Amino acid sequence: MKKTLLTLSISSFLFSASSLASAPNTDLNLMPYPQSVELNSGQLEITSDFSIYIDGYKSERIQQLALRIIQRVEAQTGLPLLTPFASSKKEATLIIDVSKAAKNKIQDNDIDESYELTINKKQIILESDRPYGALRGAETFLQLINTSKAGYFVPQVNIEDEPRFPWRGASFDSSRHFVTVDTIKRQIDGFASAKMNVFHWHLWDDQAIRIQIESYPKLWEKTADGDFYTKEEIKDVVEYARLRGIRVIPEISLPGHASAVAHAYPELMSGEGEQSYDQQRAWGVFVPLMNPINPELYVFFDKVFSEVTELFPDEYIHIGGDEPNYQQWTDNKEIQVFIAENNIDGNRGLQSYLNARIEKMLNKKGKKIMGWDEIWHKDLPTSIVIQSWRGHDSIGRAAKEGYAGLLSTGFYLDQPQPTSYHYRNDPMPKGPQVDDQLHSGETFETYTWQKPRGKGGPRKGTLTIITDKNGDARAFTDYNGKSRAKVDIMEYTKGESFRGHFDNFMSYTEFNLIFNNGNIKEESYQLVGNVRWPTTGEMTASSSIKNSVIPAPNGGYPVALNKDEEKLILGGEAAIWAENYDDLTVEGRIWPRTYAVAERLWSAEELTDEDSMYQRLQAMDSWATISVGLQHQTNSYKQYLRIANGGDVSALMSFANYAEPAQYYARNWAKYNSTDPKGELYNQYERLNRFADAVPVESFAVLEMMKLAKTAINDQSDLKALQKHYQTVLESAQKSEVMFKNNVSSLDTVLLAQKHVEVAKATLAVINELEKGQQPTSTQLDNLLSITTNASGMYDEMIVAIVRPTEELVRQLRK
């Protein structure tokens, strides 16, 4: 087995749904894409005679893998495989050849997941040193199965592959909303299909404790409404994951996110006097905080962790640690005396004191700890692993101090986000990405801006644009105390307008600014995800202002790591928080975007082609339904049927291809602001039956429309294709409006359909002018932009996504 893999390569063939044709690079429909691919001419047929032979090391896990391959080949082809196990290597279609057993009985970071997959004209040979490589290579083989009018086949190919990062996980919350074991197992199948290897199970939070703890039964009896996982169910899930090469790590949150513990055992909290806490149904950060100077707290955790460690064999236990509200500690006189008498570094130091004691407790039980950013403190040993939700600044600075880390920032799948945003989010801190110094002959302008948020105060920052002596510009922003970030300029006319985008630590952000005498005009906005937020501000520094200089970064510079420090970045985890999903809606959040996250964690760092990613992602979308058995498409269909009252859903499904849920936290804030007083439905009682809960997170059709809008004015066939899209939107939105009006769950969605109709009609009128060979007038284009601006708000937690290609068409027409 070769350990040094070839560089990313592929011969000039495209593997499409029906043929092999000329194309560069990554056009095999594989995700995550292998490190080395050599595509040869020719195919190997997959017929009813398909069979497997297990060579070399044999185990239950490999036998189970072979059975799953057989089942999935049948699912992908529909062929009955009546004799699926060959009696010899010579007779087999697929040979699985594993050299030896896994190094350790319990999976850890030091596993070998490399494999080689060779397909020639006679056989498929999957080779690996260890069982984990065979598990990963099997998924690559299954993704290669294709069909033509002649039959089913795989291409002749040589693949050598291994992961870039050892930790590729998903943090899955089933505390806020309960998710059944069947659904969890299905997601584990999905994660395995994406070559991920950690299932981080968030079982314990403010709203419920979902794990059966015999020593403290009120934890789940009083908080989970009967929806919890028994010990036998947890063992079953852990074993199910193990067979697929996935570790299961539980999260037991402390000292905050403790409302459920407070409701069950209030005496463990830090309030003074008699304590009592209601069951928490809302979302947010709450008052209850565990009391680190109460000896009973350590008795409690000793018993809890004794039971937890029996269920989860992995070496790590996640202790949460995020978002502590320190108010109870600040107000508690005994706690403050304890801090002073023991020379503890304030409330943060007290949390570190608690974490250190918990670590020693878990070390005695053979476990290590990991936690979110907030557990990182100078008094905590570097043996812990930091999981970052605060971004590259946090994980990079922790690595500088010797802590291993994981990135979750930018991989939050509970939030609707563009998949391209996740795809660009490399876990490795990159250091400064822009020259922010003013050189001879250059000029600059700095604008201070602010934008509102749906909840909490406004976000503030600066945008600096430097223009060199050739007229070329570069830009950067200092945003909300984060490190200085490069802004990619899309359009810039000095003193008039600016368009540019960057990926902030939690969302895609695009500046769309209009300037007037040094001020940012009222019609300016920032696109956060896909939602517009009005942006105001003024020029506060400039080469034209006497004694003016470029402001220093208020959040410092991005961290750059040396080679030794880079080794401390273990990988990342997708984060899937459950405020706004349930059994029916969760898979629509996770899939197919997880394949893009998985590719960023597995594949070569240089693999960044977003067009290729989206092309392959669409193939994965259907493959995951057929082969893996994921239900994101099926569950959306169920929801469309419900909205249509069981009637014909074809128009509704067509309309859903063009509408998008509001991205980032816009949906959360819309729920929070939907009542008076605010927040009455920002909780477990809120319904999850909106159209926004059914539609895909991102519209592939709108992405295609964006491409067509850039070329349509010079290509008649592209103009026709774009016209067809708008006509489909118009007709499907009109029919969907009728359905929305007749279902109580979608009455607020009627306006969404109406806005789509308005934009589609207006854009079709302009396209009709172009078809006649006539250039639309400036007035016509102004009117069209007025309609898109009017339609650019949120409607029942959704946006009119076709606004984007319409405005792109106008930009092209005005060039």
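All values reported here derive from a predicted model rather than from experimental measurement.
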Colleague: Quick one, S627 with Q76, criterion side-chain hydrogen bond (donor to acceptor under 3.5 Å, both in side chains). Give me CA distance, side-chain angles, the key distance, then yes/no.
Modeller: CA-CA 6 Å; S627 180; Q76 287 182 236; 2.8 Å; yes
Colleague: I'd like to know if R811 pairs up with E808 as an ion pair, taking the criterion as any Lys NZ or Arg NE/NH1/NH2 lying under 4.0 Å from an Asp or Glu carboxylate oxygen.
Modeller: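 Yes.
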Colleague: Can a salt bridge be assigned to the pair E807 and R532 using a cut-off of 4.0 Å between side-chain N and carboxylate O?
Modeller: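 Judged by the 4.0 Å cut-off on N to carboxylate O distance, E807 and R532 do form a salt bridge.
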Colleague: Distance-only check: which donor-acceptor pairs under 3.5 Å involve side-chain atoms of residues 749-756, not counting sequence neighbours?
Modeller:
from, atom 1, to, atom 2, distance (Å)
T749, OG1, S746, O, 3.3
T749, OG1, D796, OD2, 2.7
Q754, NE2, E737, OE2, 3.0
K755, NZ, N790, OD1, 2.6
H756, ND1, L752, O, 2.9

Colleague: Name the atoms and distances for all side-chain donor-acceptor pairs under 3.5 Å in residues 767-774, with sequence neighbours left out.
Modeller:
from, atom 1, to, atom 2, distance (Å)
N768, OD1, Q723, NE2, 3.1
N768, ND2, L764, O, 3.2
E771, OE1, Q723, NE2, 3.0
E771, OE2, K720, NZ, 2.7

Colleague: Is H632 reaching over with its side chain to a backbone N or O of D621, donor-acceptor style, under 3.5 angstrom?
Modeller: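 At least one qualifying donor-acceptor pair exists.
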Colleague: Are Y479 and W449 near enough that their ring centres are under 6.0 Å apart?
Modeller: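 Yes; W449 has its ring centre under 6.0 Å from that of Y479.
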Colleague: Run the side-chain hydrogen bond (donor to acceptor under 3.5 Å, both in side chains) check on E139 and Q143 step by step: do they pass?
Modeller: CA-CA 6 Å; E139 298 298 339; Q143 289 180 8; 5.5 Å; no
Colleague: Between R499 and E510, does any side-chain N to carboxylate O distance fall below 4.0 Å?
Modeller: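 Between E510 and R499 there is a salt bridge, with a charged N closer than 4.0 Å to a carboxylate O.
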Colleague: Test your reading of the model: is there a side-chain donor-acceptor pair from S786 to the backbone of D782, 3.5 Å cut-off?
Modeller: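 No, S786 side chain to D782 backbone: no donor-acceptor pair under 3.5 Å.
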Colleague: Contact between L630 and R186 at the side-chain level, heavy atoms closer than 4.5 Å - yes or no?
Modeller: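 In contact.
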Colleague: Below 4.5 Å, heavy atoms only, C-beta onward: do Q633 and S622 meet side chain to side chain?
Modeller: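 The answer is yes; the side chains approach within 4.5 Å.
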Colleague: Assess whether side-chain hydrogen bond (donor to acceptor under 3.5 Å, both in side chains) is satisfied between T419 and R593, documenting all intermediate values.
Modeller: CA-CA 6 Å; T419 310; R593 287 186 295 162; 5.2 Å; no
Colleague: Go through it in stages, so that I can follow the logic: the residues are Y423 and E610, the test is side chain to side chain contact (heavy atoms under 4.5 Å, CB included), and I'd like the CA-CA distance, side-chain angles, deciding distance and then a yes or no.
Modeller: CA-CA 8 Å; Y423 195 62; E610 293 177 18; 4.2 Å; yes
Colleague: Going through the distances and angles, do D648 and K735 end up as a side chain to side chain contact (heavy atoms under 4.5 Å, CB included)?
Modeller: CA-CA 10 Å; D648 182 5; K735 293 176 181 177; over 6 Å; no
Colleague: So, E698 side chain and P418 main chain: donor-acceptor pair closer than 3.5 Å or not?
Modeller: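 A pair under 3.5 Å: no.
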Colleague: For the side chain of Y421 and the backbone of S507, is there at least one donor-acceptor N/O pair under 3.5 Å apart?
Modeller: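 A pair under 3.5 Å: yes.
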Colleague: Is the shortest heavy-atom distance from the side chain of V531 to the side chain of I799 under 4.5 Å?
Modeller: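 When only atoms from C-beta onward are counted, I799 and V531 do touch, with a gap below 4.5 Å.
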Colleague: Tell me, do T183 and E587 make a side-chain contact under 4.5 Å, heavy atoms counted?
Modeller: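 The answer is yes; the side chains approach within 4.5 Å.
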Colleague: Evaluate the side-chain proximity of V73 to Y152: yes if any heavy-atom separation is below 4.5 Å, no if none is.
Modeller: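 Not touching, per the 4.5 Å side-chain cut-off.
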Colleague: Is it the case that the side chain of D161 and the backbone of Q35 share a donor-acceptor pair, with hydrogens and angles ignored and the cut-off at 3.5 Å?
Modeller: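 Yes, D161 side chain to Q35 backbone: donor-acceptor pair under 3.5 Å.
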Colleague: Should L722 and M705 be marked as a side chain to side chain contact (heavy atoms under 4.5 Å, CB included) after you check the CA-CA gap, both sets of side-chain angles, and the distance that decides it?
Modeller: CA-CA 6 Å; L722 188 62; M705 291 173 75; 4.1 Å; yes
Colleague: Can you check whether W591's main-chain N or O pairs, donor with acceptor, with T594's side chain at less than 3.5 Å?
Modeller: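 Flag not set: sc T594 to bb W591 has no pair under 3.5 Å.
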Colleague: Would T788 and T806 count as a side-chain hydrogen bond (donor to acceptor under 3.5 Å, both in side chains) if you check the C-alpha gap in whole Å, the side-chain angles of each, and the deciding distance to 0.1 Å?
Modeller: CA-CA 8 Å; T788 60; T806 299; over 6 Å; no
Colleague: Are any of the side-chain nitrogens in D693 or R667 under 4.0 Å away from the carboxylate oxygens of its partner?
Modeller: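 Yes, charged N to carboxylate O under 4.0 Å.
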Colleague: Please answer whether the main-chain N or O of P32 pairs with a side-chain N or O of R600 as donor and acceptor at a distance below 3.5 Å.
Modeller: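 A pair under 3.5 Å: no.
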Colleague: Looking only at atom types and distance, does a side-chain atom of R164 sit under 3.5 Å from a main-chain N or O of S603, one as donor and one as acceptor?
Modeller: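 A pair under 3.5 Å: no.
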Colleague: Quick test of your reading of the model: are K486 and D488 salt-bridged, counting only N-O distances below 4.0 Å?
Modeller: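 Salt bridge present between K486 and D488.
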Colleague: Within the distance-only criterion (no hydrogens, no angle test), does the side chain of S699 pair as donor or acceptor with the backbone N or O of N657 below 3.5 angstrom?
Modeller: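 Side chain of S699 to backbone of N657, a donor-acceptor pair under 3.5 Å: yes, one is there.
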Colleague: Report yes or no: does T728 contribute a side-chain atom to a donor-acceptor pair with the main-chain N or O of K724 at less than 3.5 Å?
Modeller: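 Pair found, side chain donor or acceptor close to backbone of K724.
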